[in-house]
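Take a look at the structure set out below.
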Amino acid sequence: MKHHLKPLLPLVLALSLGACTTVESRKPEIDSRFENATFKPLVSPNAVQAPADWWTGFSSEQLNTLMQQSQADNLSLEATEARLRAAQASLEATQASFFPSLTLNAGRQENTVKGTSIKGQATNNRGLFTSASFVASYEIDLWSRVRNTAKASELQLQATRYELDAARISIAGQLATTWSQWVAADQTVRLFETELESFQTNLKLVELRFRQGGAVASDVLQQRQLVESAQGNLAQAQANRDVLLNSLALLVGQPPNKISLNSENLPTLPALPATGFPAELLNRRPDVQQAWAQVLATDRSVAAAIANRFPQLSLRASFSDQTRDSDLLFDNWVRNLSVNLVAPLFDGGARSAEVERQRALLDQAVAQYQDAAINALADVDNALIQETRQGEAVESFQRQLELAELSLKRLFAGYRNGTVDYLAILDAQQSTSQLRRNLVNAQQQLVGFRIALYRALSGSIPQPTAAEQS
């Protein structure tokens, strides 16, 4: 056996030395257009980094409880966690190529030979045979095809981990936003309930003046219409609040009507958090890091595709025997050693096309990374702009409402004295009601922009569960 393998030894030696050579792909060039990016100077230089669990700054125990439930039971997160486990298994399967494969084949069979003896009598020769063999094979990674394929799988796994981190931040942001919308809807319900009582009280005043001859019938009818309008608005607000509660239930992995919340008010926001430098943001954003890991993984896939165009060398060894007596198995064994060289000669351009395909995917991954980076910077800048301007709008609505309520109070005083026309009262009631709603909506949007800023900064990635860590 050794004698027959001697002619192959120079080839094996040359190819084994060639195994130290790696086939690398063309390294991607990352555009530097965002390296000198800056944020608008809207944050105080003394601002501190957002707390790890930024939602706790809203001082809502209900929100804190919902957040814990969503990170544990959200179905979208469970799906992403399953993809992470699949990527881990794929990596382990790819890394198995670094080791030789060993298989065992064993069997027992009966052979019967039917014939005729010299005297013309039928003969049956029967025999029971036991066979067993061990076969080992190993591919020598000449051009680092196996190594690059495994590295691509490892980077894909890292990208999936970043995807899970990004999904956790996204779910946290969605939950906090939906919670703030529910709180605003609940405040609106309570606002309409209070207004309905106020409008009904005012209706009694108008009816009294009508009976005393100080008002006309149209005044009574218009005030009744205002009461009906308030009842309709209340019904719509209740429906909106209930739908948002169902949305919260879905985010925590529960069917509709399975959770309940107590009334609370929209929170007062803490000071704006520090944004840091754009480069720090890109290193902190898991979606950007996911895109970068995808670039590196695709680059390795290009290298593997290039290496696949070159010869592949594998070693194979077998150890086998077959005997009638199982006790004598492997007393008379057969050993086989072989070196197999597979070199593609003609494939119609399939391997070259695969290389070009992987290079196109690499260009796509680079563009997607650049897009993710630029969008990450824009997310922070937009959130800063929106919150700053929205804060000014909230202050304006507050001043308008104060003036409107003061004006309404004085108009009613004049109406009771008969010096103010009812139409002025009606218009003031409607405008004041609208301002109250505008203020609640503006306050909710302000909270929503702060949540968007926290999400954009990615200052916190919720801790994984014990099952994920294991």
Task: Crowding at CD, Glu392 (>12 non-hydrogen neighbours, <6.0 Å) - done: yes
TODO: Not counting sequence neighbours, which residues clear side-chain hydrogen bond (donor to acceptor under 3.5 Å, both in side chains) with Gln69? List them please.
DONE: none
Open item on the list: Are Phe58 and Ile451 packed together at the side-chain level, in the sense that at least one heavy-atom pair is separated by less than 4.5 angstrom?
Closed with: yes
Task: Derivation of the side-chain contact (heavy atoms from CB on, under 4.5 Å) call for Tyr415 and Arg209 - done: CA-CA 10 Å; Tyr415 182 72; Arg209 285 184 54 80; 3.1 Å; yes
TODO: Flag the pair Gln223 / Lys204 as yes when at least one side-chain heavy-atom distance between them is below 4.5 Å, and no otherwise.
DONE: no
- [ ] Would you please classify the geometry between the Tyr454 ring and the Trp54 ring as parallel, tilted or perpendicular, with 30° and 60° separating the classes?
- [x] parallel
Task: Arg450 CZ to Gln390 CD distance, which is reported to the nearest 0.5 Å - done: 12.5 Å
- [ ] Go through Gln429 and Asn202 one step at a time and tell me if the side chain to side chain donor-acceptor pair (under 3.5 Å) criterion holds.
- [x] CA-CA 10 Å; Gln429 289 179 104; Asn202 296 340; 2.7 Å; yes
Task: Val252 and Leu175, any side-chain heavy atoms less than 4.5 Å apart - done: yes
Task: Residues forming a side-chain hydrogen bond (donor to acceptor under 3.5 Å, both in side chains) with Thr177, sequence neighbours excluded - done: none
- [ ] Compare every heavy atom of Glu195 with every heavy atom of Ser433, then report the nearest pair and how far apart it is.
- [x] OG-OE1, 2.7 Å
Open item on the list: Ignoring hydrogens, what is the shortest heavy-atom contact between Leu281 and Ala376? Give both atom names and the distance.
Closed with: CD2-O, 3.6 Å
Task: Test side chain to side chain donor-acceptor pair (under 3.5 Å) applied to Ser90 and Gln156, step by step - done: CA-CA 9 Å; Ser90 177; Gln156 286 285 1; over 6 Å; no
Open item on the list: Just to verify, what does Arg83 make a side chain to side chain contact (heavy atoms under 4.5 Å, CB included) with, not counting sequence neighbours?
Closed with: Ala79, Thr80, Thr160, Glu163
TODO: Any chance you could lay out the side chain to side chain donor-acceptor pair (under 3.5 Å) test for Gln434 and Arg437, step after step, and finish with the verdict?
DONE: CA-CA 5 Å; Gln434 186 62 52; Arg437 280 177 281 173; 3.3 Å; yes
- [ ] Return the orientation label for the Trp143 and Phe310 ring planes: parallel under 30°, perpendicular over 60°, tilted otherwise.
- [x] tilted
Open item on the list: Could you report the tightest heavy-atom contact between Arg145 and Ala304, atom names first, then the distance?
Closed with: CG-O, 3.7 Å
TODO: Determine whether the side chains of Gln294 and Gln368 contain a donor N or O and an acceptor N or O closer than 3.5 Å.
DONE: no
Task: Intermediate values then yes/no, side chain to side chain donor-acceptor pair (under 3.5 Å), Glu154 and Gln158 - done: CA-CA 6 Å; Glu154 181 182 346; Gln158 185 60 55; over 6 Å; no
